[in-house]
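For reference, the structure discussed in these notes is given below.
Proteins come first, then strands; the chains are lettered A, B, ... in the order of their sequence lines, and each starts at number 1.
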2 protein chains.
Amino acid sequence: MTRRTPRPRERGIPEATVARLPVYLRALQALNDQGTPTISSEDLAAITGVNSAKLRKDLSHLGSYGTRGVGYDVDYLIYQVSRELGLTQDWSVAIIGIGNLGRALANYGGFGSRGFRIAALLDADSSIVGDKVAGLPVRHIEILEEVVAGESVSIGVIATPAAAAQSVCDRLVGCGVTSVLNFAPVVLNVPPSVDVRKVDLSIELQILAFHEQRKSDGYGGPEWFGIPGSLT
Amino acid sequence: MTRRTPRPRERGIPEATVARLPVYLRALQALNDQGTPTISSEDLAAITGVNSAKLRKDLSHLGSYGTRGVGYDVDYLIYQVSRELGLTQDWSVAIIGIGNLGRALANYGGFGSRGFRIAALLDADSSIVGDKVAGLPVRHIEILEEVVAGESVSIGVIATPAAAAQSVCDRLVGCGVTSVLNFAPVVLNVPPSVDVRKVDLSIELQILAFHEQRKSDGYGGPEWFGIPGSLT
DNA sequence: AGGTGTGAAAGTGTTCACAGCC
DNA sequence: GGCTGTGAACACTTTCACACCT
């Protein structure tokens, strides 16, 4: 039996692990930039703010890439994590909605180090269509399907007002986009084959407010101390 | 024994529940705007994209606010959820780093319906200090401590370049801010009493790329169908 | 000695299914 | 009849602790 790419574990990296791999990757790249050749799970865990056992278990899902008594080779681990995350190929991204936020996203140069290419900017407002933002022309949303096909867009970033988000999403899905990053404050309805991730400023603030309230509440005075992990 | 506010459950709403309450709240407000007086868990769950049992369990952590055979009173539930999230009081927010993103955040009017007030904008770049953004003057980061005290800031939003984020965070923590929303792509080091939430564009894209890769991989063809919940 | 990889235990979160109330 | 609230089962995640390798 021959297999060209020695696939580590046949399938199923836990979602919680996937969400942390980018954090490890960033730390590893920083270590690499400063010339560190190897790193122990203990040290990398400290840098990324996780428990070292968790880090080792996370990495073990990719395969056995560490050396006992030594640690992990930074370069090699960068390669393995990148590969697992699919960053060895380039993904074309379209940003829809070039308001304040869309502009900020377009200009956010380090859009994840490498692996992503902002391929198109789209907006419904004719008065900004044709403008250049971050070196790219804003195109009219009318030709979304055409642009998605022409640029092989595989990830759509929705930065429109809430009211427009679902219909933009439907059109993206309609022309084959199966990954969406949604900044509009609405729950998007999509078929189960489509992945949606949501970034919602006001939700984050509300979660912070909840905890902030607890801190200054009557609660927690007495039992605050001595309960390890009562905060987190 | 007298208690003015009838506190539902003495303590400990699960973190996962807290993260969903803002989503329910937004849906409830939309229902209220369109005049819907009551809603069942089934219907609210459909709108917010969760399982109805989960929704009921989430709400049960706040108390017994539903009516069997009927559903939940929209108005009353809005009040209870808002109160639990601490939105009955106003929180002052400072945004540090008024680049593209900071500007977008400052202009993002519906900053969580109500409950939050953008109290200050700060930046290190003297050439934009004094400019008005979203009706507020940009002030110099030198006077951060003064501004935090003067405006009673309780939530700091870090929208600076990565290199500046930790030192800005330290200064916020130093003058008593215990809630931080971090947009800079770095892991912030804070004492355990401080809550940090992170919003990271490139991490979200990388997670999407991982799943996108899996979809177009050799994997998943055969066992794709018939496994309920194999995605999500 | 030093540090990875991993069973096993503990902790969290989700879903089912139904008793009980309206 | 319809719908909430919740015990119990299940699934996922984290953490511990240590065997095993270098």
Side-chain angles (χ1 to χ4, degrees), chain A residues 8-21 23-24 28 31 36-74 76-77 80-81 84 192 207 227-232, chain B residues 6 8-9 11-21 23-24 28 31 36-74 76-77 80-81 84 192 207 227-232:
Chain A
R9 263 191 200 323
E10 200 51 54
R11 222 173 189 295
I13 296 182
E15 196 51 38
T17 295
V18 173
R20 281 186 295 266
L21 289 179
V23 179
Y24 304 151
L28 287 166
L31 287 165
T36 311
T38 58
I39 183 108
S40 69
S41 65
E42 199 71 50
D43 291 351
L44 185 54
I47 293 171
T48 54
V50 306
N51 175 306
S52 70
K54 177 152 69 178
L55 172 56
R56 286 198 301 279
K57 188 149 278 186
D58 282 344
L59 294 183
S60 78
H61 286 112
L62 316 187
S64 268
Y65 297 138
T67 310
R68 290 166 199 239
V70 178
Y72 300 88
D73 181 89
V74 171
Y76 188 51
L77 198 51
Q80 291 298 345
V81 174
E84 198 62 49
I207 295 171
I227 303 178
S230 63
L231 287 161
T232 293
Chain B
R9 261 193 202 324
R11 217 166 195 300
I13 295 182
E15 195 52 38
T17 295
V18 173
R20 283 186 295 267
L21 290 178
V23 180
Y24 304 150
L28 288 165
L31 287 165
T36 310
T38 59
I39 183 108
S40 69
S41 66
E42 200 71 47
D43 290 352
L44 185 54
I47 293 171
T48 53
V50 306
N51 174 304
S52 69
K54 179 151 70 177
L55 171 52
R56 287 198 298 281
K57 189 150 279 187
D58 282 345
L59 294 183
S60 79
H61 286 113
L62 316 187
S64 267
Y65 298 137
T67 310
R68 287 161 201 244
V70 179
Y72 299 87
D73 181 88
V74 172
Y76 187 51
L77 198 51
Q80 290 299 345
V81 175
E84 198 62 49
I207 295 171
I227 303 179
S230 64
L231 288 161
T232 295

For this session: For A:Glu42, look at atom CD and say whether over 12 heavy atoms of other residues, nucleotides or ligands are found less than 6.0 Å away.
Result: no
For this session: Mind calculating the distance between OH (B:Tyr76) and C1' (D:dT4) to the nearest angstrom?
Result: 15 Å
Exercise. Tell me: CD1 of B:Ile39 to C1' of D:dT4, nearest whole Å?
Worked result: 14 Å
Exercise. If we only count heavy atoms from C-beta on, is the A:Tyr72 to A:Leu44 side-chain gap below 4.5 Å?
Worked result: no
Exercise. How long is the line joining CG of B:Asp58 and C1' of D:dG5, in whole Å?
Worked result: 13 Å
For this session: Find the bend of the helix from C:dA1-D:dT22 to C:dC22-D:dG1 as the angle between its two terminal axes (five pairs each), to the nearest 10°.
Result: 0°
For this session: Take the protein atom CG of B:Leu59 and the nucleotide atom P of C:dG13, then report the distance between them rounded to whole Å.
Result: 16 Å
For this session: Flag the pair A:Glu84 / A:His61 as yes when at least one side-chain heavy-atom distance between them is below 4.5 Å, and no otherwise.
Result: no
For this session: Please report the shortest heavy-atom distance between B:Ala19 and A:Ile207, naming the atom on each side.
Result: CA-CD1, 3.8 Å
Seminar exercise, completed: Closest of D:dC3, D:dG5, C:dG5 to the B:Ser40 side chain is D:dC3
Exercise. Do you know the tightest heavy-atom contact between A:Ser52 and A:Ser41?
Worked result: CB-O, 3.9 Å
Seminar exercise, completed: Expected string for nucleotides 15-22 of chain C under the B/S/- scheme (protein heavy atoms, under 4.0 Å, primed atoms plus P, OP1, OP2 as sugar-phosphate) is BBB-BBBS
Exercise. Does A:Thr17 reach the side chain of A:Leu62, with side-chain heavy atoms less than 4.5 Å apart?
Worked result: no
Exercise. When the distance from CG of A:Leu55 to C1' of C:dT6 is rounded to whole Å, what number comes out?
Worked result: 14 Å
For this session: Report yes if some heavy atom in the side chain of A:Tyr24 is under 4.5 Å from a heavy atom in the side chain of A:Leu55; otherwise report no.
Result: yes
For this session: Could you tell me the separation between the CG atom of A:Asp73 and the P atom of C:dT4, rounded to a whole number of Å?
Result: 13 Å
Exercise. To the nearest angstrom, how far is B:His61 atom NE2 from D:dT4 atom C1'?
Worked result: 15 Å
For this session: Scan residues 41-49 of chain A against DNA chain C and write down, sorted by residue number, each residue with any heavy atom closer than 4.0 Å; if none is found, say none.
Result: A:Ser41
Problem set entry | Within-4.5 Å side-chain heavy-atom neighbours: B:Ile47 and B:Ile39 | yes
For this session: Whole angstrom is fine here: how far is it from CD1 in B:Ile13 over to C1' in C:dT14?
Result: 18 Å
